[in-house]
Amino acid sequence: MVEEYQSDFLVLGSGIAGLCFALELAPKGRVTLLTKKEDFESNTNYAQGGIACVSSAEDSFESHVQDTLRAGAGLCNEEAVRELVKDGPPLVHQLIDWGVHFTTTSKERTEVSPQDLHLYDLGREGGHSHRRILHAKDLTGAEVERALLDCLRGHPNVTFLEHHTAIDLLVDEDRVCSGAVAMDSFGEEVKIFRAKVTLLATGGLGRIYLHTTNPAIATGDGVAMAWRAGLPVANLEFIQFHPTSFHSPSGDTFLISEAVRGEDAILRRIDGEAFMKGYHELADLAPRDIVARAIDTEMKNHGHPHVYLDCSAMSPEFFAERFPAIQKLCNDHGVYPPHDWIPVVPAAHYSCGGVVSDRNACTAMPGLLVAGEVGHTGIHGANRLASNSLLEALVYSHRAVLSA
C-alpha cells in the first residue's frame with residue numbers, strides 16, 4: 001500500500017528558493033520539504049559569487065536594471081527586471097536577519113546592521129557597471145544554505161525528507177495541483193505527498209551536459225514534471241555557459257567564480273596572449289555569454305584544450321583571503337594561484353528558461369507555484385547577469401509566499 005502524507009505546503013527542492021519559502025510559511029502551517037540528496041545539496045550551495053544588490057551611494061537601481069537588460073540581449077521582461085532590482089534590498093536585509101554573514105569591509109567588524117549594506121565588501125563581476133555583489137568570500141551559496149537550514153532545523157512545523165526524488169505532480173480532475181508523487185531512494189518505495197500549495201523549486205538542468213558546474217542532482221526534474229503535467233515552458237534554448245570552469249583532463253571540473261576576474265584576473269591563451277579586449281569594450285569583465293564564446297573561439301582557432309586565467313595581479317595574501325575555497329580546490333589539483341595560471345574552459349552553468357510563471361510566482365495550474373532556476377520569469381532574457389540568480393530566487397520565493 002502506498003503511504004500518503006498531508007501538509008499545508010509542499011516544497012520540492014532545498015535551495016535558497018525552497019528554504020526561504022519554507023521559513024516564511026512555517027509559522028502559518030505545516031511544511032513538508034523534499035530534496036533528492038542531503039538538505040544542503042543544491043545549486044545554491046555551489047554559488048560562489050554572491051547576490052547582486054544595489055548597496056552603495058555610487059550605484060543605482062537604474063544602473064542595475066540597465067546592466068541586466070544588456071546582459072539579456074534585449075529579451076528580458078523590463079518591468080519584471082525593475083521589480084526584481086527594487087524588491088531585492090529588503091529581502092537581502094531579511095537574509096542578514098536570518099543569520100547570513102556576508103563579508104564586511106572591516107576585519108574587526110563582526111556585527112553589521114542589515115540597514116548598513118554600504119559597510120559590506122562589494123564585489124564586481126562581468127556585466128556589472130558597479131561593485132554591488134554581496135558575498136561571503138567565495139562561499140556565498142554555502143553560507144546562505146547554512147543560515148537558512150539553521151533557522152529551519154528543529155522547527156515544529158517543518159518536516160525535512162532527504163533522499164526523496166519527486167517523480168510527478170499530482171493533478172486532480174479540475175486541473176489543480178494537489179501535491180506530488182516521490183520516490184524514497186533509501187526505502188525504495190513510492191510515496192504520495194498531498195498539500196494545499198506546492199512550490200516547485202527543483203533548480204537547474206546542467207547535468208544534461210557533459211561539462212557543467214552544477215551538482216549531480218541538477219537533472220531538470222522540475223521542468224520535466226511540469227511539461228508532463230501540460231504546463232507551458234519557455235526559453236529552454238538559453239543555457240548559460242559559465243566562461244571559467246577549471247579544466248582537468250579527468251573531467252573533474254569546478255567553478256572559478258566570475259568575482260576572480262572582478263579582482264583584475266586576465267584571460268590568456270596558452271601562448272600568454274590576452275585576448276578579451278578584441279571581443280568587448282569591457283574586456284575580461286564582459287557579460288558571460290560574450291566571454292564564453294570568446295574563449296570557445298580562441299580554443300578552436302588555435303587548437304588549444306583550454307585557456308588560462310592569470311591572477312598574478314593579486315597578492316598571495318589577498319587571493320587566499322578573498323578566494324579560500326577556489327585556492328584549496330586548485331591546490332588539490334596541483335595548481336597554485338595566484339602564481340600559477342588557472343586552466344579554464346566554459347561549462348553549462350544556468351538555465352535562463354523554465355516553467356512559465358507570472359510575477360507572483362504562479363503557474364498556469366492552480367495550487368502550483370514556482371521559484372528559482374526552474375522557473376521562467378522573463379528576467380534573464382537570453383543570458384543571466386552574474387549574481388542575479390540568488391536575487392531572483394529570493395524575490396520570487398517571497399512572492400510565492402504572498403501567493404500561497
Query raised in the report: For the residue pair Y5 and F193, does the interplanar ring angle fall in the parallel (under 30°), tilted (30 to 60°) or perpendicular (over 60°) class?
Result: parallel
Query - Verdict with reasoning, R70 to D67, per salt bridge (Lys or Arg N to Asp or Glu O under 4.0 Å) - result: CA-CA 5 Å; R70 278 192 295 270; D67 289 347; 2.4 Å; yes
Query raised in the report: Under a 4.0 Å N-O cut-off, is there an ion pair linking E263 with R131?
Result: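 Yes, charged N to carboxylate O under 4.0 Å.
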Report task. Using modelled atom types only, decide if a donor and an acceptor are shared between the side chain of D138 and the backbone of I326 within a distance under 3.5 Å. Result -> yes
Query raised in the report: Side chain of R399, backbone of R359: donor and acceptor closer than 3.5 Å?
Result: yes
Would you say that more than 12 heavy atoms from the other residues, nucleotides or ligands in this model lie under 6.0 Å from the [atom1] of [X], or not?
X    : atom1 : value
K196 : NZ    : no
E188 : CD    : no
H211 : NE2   : no

Query raised in the report: Quick one: are S14 and L33 in side-chain contact, heavy atoms under 4.5 Å?
Result: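 Yes - at least one pair of side-chain heavy atoms lies under 4.5 Å apart.
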Query raised in the report: Does any donor atom in the side chain of H349 or T213 lie under 3.5 Å from an acceptor atom in the other side chain?
Result: yes
Report summary line: Result for side-chain contact (heavy atoms from CB on, under 4.5 Å) between V401 and one of L23, V197, L25 points to L25
Query raised in the report: Which one of V190, V2, L169 satisfies the side-chain contact (heavy atoms from CB on, under 4.5 Å) criterion with V181?
Result: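 Only one option passes, and that is V190.
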Query raised in the report: Do you know which of R384, H380, H242, R288 makes side-chain hydrogen bond (donor to acceptor under 3.5 Å, both in side chains) with Y350?
Result: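 The side-chain hydrogen bond (donor to acceptor under 3.5 Å, both in side chains) with Y350 is passed solely by H380 among R384, H380, H242, R288.
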